[in-house]
Protein chains: 2
Amino acid sequence: MARIVVDAMGSDDFPKPDVEGSVKAAREYGVEIILVGDESKIKPVLDSQNPGRLPIRIVHAPEMLTMEDKGEALTFKARHGQSSMAVGMDLVKKGEADAFVTAGNTGAGMVTALFRLGRIRGVDRPALAPIFPTATGSCVVLDIGVNPDCTPENLIQFAIMGSIYAEKVRGVKNPKVGLISNGEEEGKGNELVRAATPLFKNSKLNYYGNVEGKEVIGGKVDVAVTDGFTGNVMLKTSEAIGKLILDEIKIKIKNGGPLTMLGGLLVKPALTSLKSLLDPSVQGAAVLLGVNGLVLIGHGRSDATAIQSAIRLARNAAESKVLDAMKTAIEESLKK
Amino acid sequence: MARIVVDAMGSDDFPKPDVEGSVKAAREYGVEIILVGDESKIKPVLDSQNPGRLPIRIVHAPEMLTMEDKGEALTFKARHGQSSMAVGMDLVKKGEADAFVTAGNTGAGMVTALFRLGRIRGVDRPALAPIFPTATGSCVVLDIGVNPDCTPENLIQFAIMGSIYAEKVRGVKNPKVGLISNGEEEGKGNELVRAATPLFKNSKLNYYGNVEGKEVIGGKVDVAVTDGFTGNVMLKTSEAIGKLILDEIKIKIKNGGPLTMLGGLLVKPALTSLKSLLDPSVQGAAVLLGVNGLVLIGHGRSDATAIQSAIRLARNAAESKVLDAMKTAIEESLKK
């Protein structure tokens, strides 16, 4: 039974969505849950969910990290503090749990993971990898925010990790890996992409070539690699465009006269199901690849369903032994 | 009366959409049109549109540039050739026309413009600036593809040009300018953004600060500046996400049972009007800023309506004297 630590102080509306999602996950997926955070805040919410004999326990953590924690203060707390993130990741480090799930601040999660779990040998920088919806299913995109400036070596490491993740956790055989660029043709790209291309061509990856947004969203590749600046802009713009479209549909239906409004009522369930397609937190949290432990980071605005999805993804990741496979693949790549 | 040269060999389905859109524009906007390209191909299409006494004439150009033209071959043709792009831009250069519109290959248009029109004094690199739809209207985003690698100086020049363009052509008073980044807070960004920030703060621009996709699409700024790599990925991903959503809506409505299908029929006009929101070519072609003449570049898949919109935008740009204002602003910035 996979043992998942959940940061009860993570989401914007903590601890309610975090605890509710955990109880649902324990009930539906047969996972063991360890809730970390302020016990006095967690317990009443947990009790209200009638957890009965579900395998859920609380581990108290006296502090929490917020959006305000940055710079040296964050580094200090990540290294020495007793935040819910730090205490939770320590449980993974000690082998008392298989994965850590949080809907807290991404930067705080990344810095805490670096101090508490450390990096996989051979990985210079960890990368955050969410799953983008595509026309044919989904695509693992990384990095989407941890490393604004990258080297070609960073990108090839991201590619190896993303490829193993797609294979082990997403069940994709021999995943196709694309390098995000401003044009499909070889030779297109910024300096980074052009410098990385030979590394990709000489790797053991199933390298597809350059991809534009069209190919990523169109489902041409299973893994799309980019620096954390471009990836972050891509993710945030995609989310914003999705929201804009759904908002505009609502406005147009509302202003379209009685027949259009009737039509709107009839298609509402179809449109609602689109929302989950567009929300990466519902597709499953982003995984922080490259640290020596499974860490999954969801949106701050995660609801109980999003937390539950993240826990399912964490369980899948834990059961797939993706971390071991990733370590082996990175070791292999170092031998060349 | 604004005199607009239209590349009749530009769009994927040339010369039909190009000529039809030109006739419509001449009829509706009172502009003079000069169609450049293969006269034997243009004339039958033009005649079929019953142009009557509309001020439309053909200037023959024996060659055309395609997606295949690149590298040295493209440079040679741009410098010495008689393509529709070269002949058309020469008319602008000689003062016989006020603006050039093409739905042809962006790279070919940029290289031809550099050779035939040259750069504005003080501008190191031209930038391509489309208009993104936003929650409150629109935002000029640049560069979206001409310069994959940029310097901080490039970005500030883009910002000055984009700001003048938003003011003169889009009618925005004192346009708010944002620097696209992976986080709103100052200090967030890649090396380029962090190096450019002091230049923006010390400029005469109405500088808003860093913006994410959320702020751009949410309409917080009127001009959003980025390097051509990030901008291109952003544009292509936005287009792809828009298409994915509309396709998914169709699928969900089709598979949703008879009531949902009925609803789909009723909301169809509302959804169709969304398409134009999502298509930057309908919002108006992208303008190539920084060359010494007005050049507008539309999508290869432009239809007659998109060509017509591009011509309207070209007319607005010509009448606004945006080029002169831009030259003055760049000169001013050099004095500091």
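Bear in mind that the values here come from a model prediction, so they are computed numbers and not experimental data. We name chains A, B, ... by the order of the sequence lines, and we start the count at 1 in each one.
- Contact count against chain A (heavy-atom pairs under 4.5 Å) is highest for G189(B) among A135(B), G189(B), G218(B), G145(B).
- In this structure, CG in L244(A) is found 12.5 Å from CD1 in I241(B), a value given to the nearest 0.5 Å.
- Annotation: K214(B), atom NZ; neighbour count of heavy atoms from other residues, nucleotides and ligands within 6.0 Å is above 12.
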message = For I249(B) and I249(A): C-alpha separation, side-chain torsions, deciding distance, then whether side chain to side chain contact (heavy atoms under 4.5 Å, CB included) applies.
response = CA-CA 11 Å; I249(B) 290 177; I249(A) 290 177; 3.3 Å; yes

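- Atom CD1 in I217(A) sits 9.5 Å away from atom CD1 in I245(B) (nearest 0.5 Å).
- Nearest heavy-atom pair, S238(B) versus T237(A), reported as atom, atom and distance to 0.1 Å: OG-CG2, 3.2 Å.
- Crowding of E185(B) atom CD: a count of heavy atoms from other residues, nucleotides or ligands under 6.0 Å exceeding 12.
- For the residue pair G228(B) and N182(A), the shortest heavy atom distance occurs at O-CB, 4.5 Å.
- In terms of heavy-atom proximity, F229(A) sits nearest to T230(B) at CE2-OG1, 3.7 Å.
- Ranking G183(B), S181(B), G257(B), C150(B) against chain A, the residue ahead of the rest is S181(B), based on heavy-atom pairs under 4.5 Å.
- Residues D149(B) and E191(A) approach most closely at OD2-N, 2.8 Å, considering heavy atoms.
- V233(B) is listed as a side-chain neighbour of I180(A), based on a closest heavy-atom distance under 4.5 Å.
- In this structure, the portions of V267(A) lying under 4.5 Å from any heavy atom of chain B include both its backbone and its side chain.
- For chain A, the option among I144(B), T260(B), V193(B) with the highest count of heavy-atom pairs below 4.5 Å is T260(B).
- A 6.0 Å sphere centred on CD of E186(A) holds no more than 12 heavy atoms belonging to other residues, nucleotides or ligands.
- For E215(A), no part lies near chain B; criterion is any non-hydrogen pair under 4.5 Å.
- The greatest number of non-hydrogen atom pairs below 4.5 Å with chain B, out of M261(A), K268(A), M234(A), is found for M234(A).
- Closest of all the heavy-atom pairs between P148(B) and N190(A) is O-CB, 3.6 Å.
- Looking only at side-chain heavy atoms (C-beta outward), L262(A) and L266(B) come within less than 4.5 Å of each other.
- Scanning all heavy atoms of the two residues, the minimum distance from K236(A) to G213(B) falls at CB-N, 3.9 Å.
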